[in-house]
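First listed ligand is number 1; within each ligand, the first listed atom is number 1.
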Amino acid sequence: MKVLKFGGTSVGSPERMQGVREIITRDSDKKIVVLSAVSGTTNTLVEVASEYAKGNSDKSIQIINDLYAKYEKFVDDLFKGEDFKKKGMEVVDKYFEQINKLIKQPFYEQTEKILVVQGELISTNLFTLHLQEEGINANIIPAAEFMVLNEQSEPDLLEIESRLEGFLEENKSYDILITQGFICKNFNGGIDNLKRGGSDYSATLIGAAIGAEEAQIWTDIDGMHNNDPRIVENTFPIAQLSFDEAGELAYFGAKILHPNCIVPAQQRNVPVRIKNTMDPDAKGTLITSEKNPDTVKAIAVKDGITAIKVKSSRMILAYGFLRRIFEVFEKYKTPIDMITTSEIAVSVTIDDPKNLTEIVEEISPYGSVEVDKNQSIICVVGDFVAQRKGVGKDIFKALEDIPIRMISYGGSKNNISMLIDTNYKKEALIALNKNLFGL
Ligand code: ASP
Ligand code: MG
């Protein structure tokens, strides 16, 4: 069995939804189809929640009404017959009733959580009806009833597996099962979500839980590219990546995949394939356990990075210095991405500057602190063995005219990272594309 996930733009209009139907009915294999919300809907629901939380209830009602009008048109265009148009509007009305009810109650954290997942409930129910109107033997299964988190707020794969088994057994007469991405239930039984972009994660979790032949992520690009196609002209889709390489790429910059989604696939060795809904025959990118030693696969970039350098106030570095510094980051729940150290100083990067002022204040007693904002991590991903000669030369030759703030290699053998000022980003990506890929 395969799992196929379609993102927001892939279900973004009635025509695109019909396109998804064509893709999933190209063969008669049994499959699970995971859908995101129609593009724009989750953002709109986040906005509704934030206006409502601020007390702007008129504004939030206005936004909801505009969204409702879009769905009225969507339903009218998606369905052919009057009976299905009516059923489609019943779906829309049911979930909008829920949305309207929520914003009449006092606002609390759970309100937002329930609000933001309504988009997936609408898209999957409309799509299932559409398949039924087309005579396809499909049914819907509720993600909230099997996608569950454990006490640490991590997906509980064993529990997901056993619950899904039950749903598959109950629905074994159906060819296609539709379910929601993004939605889950937390350990307390409350509705929750797998964070923005989490539908990818839903798909690989389901793939891992059922031991799928493959988890496919259908999106609006023909695979993961060797460089950022929004910035660099000559890029190409990467045919194959190892799980480790894809994990690095998903985390650093390449916005195509949710950063965690490789983890369950790698754990249960389920291949992940990225495909383009606009060009279903394009090969896309296949992610498997296969490694290709000594190859450079891609260049990724992550912006919005802050670098913090702490220079010890004592000339001879005493033990405990790093621990004291790291404890401050831990206290403020701020993850560190990159670290470099010298005998008397340490530099770290963070991508969440929310508590920067407090962090700087609390590390100041241990040394002089310098902060550089507006930095980018450029990350060269591949399978580098220490013996490989020449990668370093090719990278640094490309960056010869660019000031490098930090360099990190050796943490994993799949990435070499450099920190530069974001102003040099474009120049660096183009030069690396030329030197590493000859483009
Ligand atoms: N609809 C959710 C979002 O926009 C989840 C997803 O699309 O992956 O973040
Ligand atoms: Mg996405």
Is the closest basic N to carboxylate O distance between E90 and K86 below 4.0 Å?
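So E90 pairs with K86 through a salt bridge.
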
With a cut-off of 4.0 Å, which atoms of ligand 1 are near a heavy atom of [X]?
| X | value |
| --- | --- |
| G197 | 3 (C), 5 (C), 6 (C), 8 (O), 9 (O) |
| S199 | 5 (C), 6 (C), 7 (O), 8 (O) |
| S36 | 6 (C), 7 (O), 8 (O) |
| E120 | 1 (N), 2 (C), 5 (C) |

Next on the checklist: For F236 together with F437, are the ring centres under 6.0 Å from each other?
Outcome noted: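 Judged by ring-centre distance (under 6.0 Å), F437 and F236 do meet the cut-off.
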
Within-shell test, G198 vs ligand 1, heavy atom, strictly < 4.0 Å =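 G198: in contact with ligand 1 (<4.0 Å).
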
query: So, do K333 and K354 sit near enough that their side-chain heavy atoms are less than 4.5 Å apart?
result: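 Answer no - side chains too far apart.
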
* So, Q118 side chain and I114 main chain: donor-acceptor pair closer than 3.5 Å or not? ->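 The answer is yes, because a donor-acceptor pair under 3.5 Å joins these two groups.
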
Test log, rule side chain to side chain contact (heavy atoms under 4.5 Å, CB included), inputs I350 and F329:
CA-CA 9 Å; I350 58 172; F329 289 90; 3.7 Å; yes

Exercise. Report yes if some N/O of D200 lies less than 3.5 Å from some N/O of ligand 1; otherwise report no.
Key: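 No; every N/O pair is 3.5 Å or more apart.
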
Do any nitrogen or oxygen atoms of R196 come within less than 3.5 Å of a nitrogen or oxygen of ligand 1?
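There is such a contact, yes.
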
Between the side chains of Q240 and T288, is a donor N or O closer than 3.5 angstrom to an acceptor N or O?
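There is such a pair between these side chains.
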
Quiz item: When you look for heavy atoms under 4.0 Å from ligand 1, do you find them on the side chain of H258, its backbone, both, or neither?
Solution: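 Neither part.
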
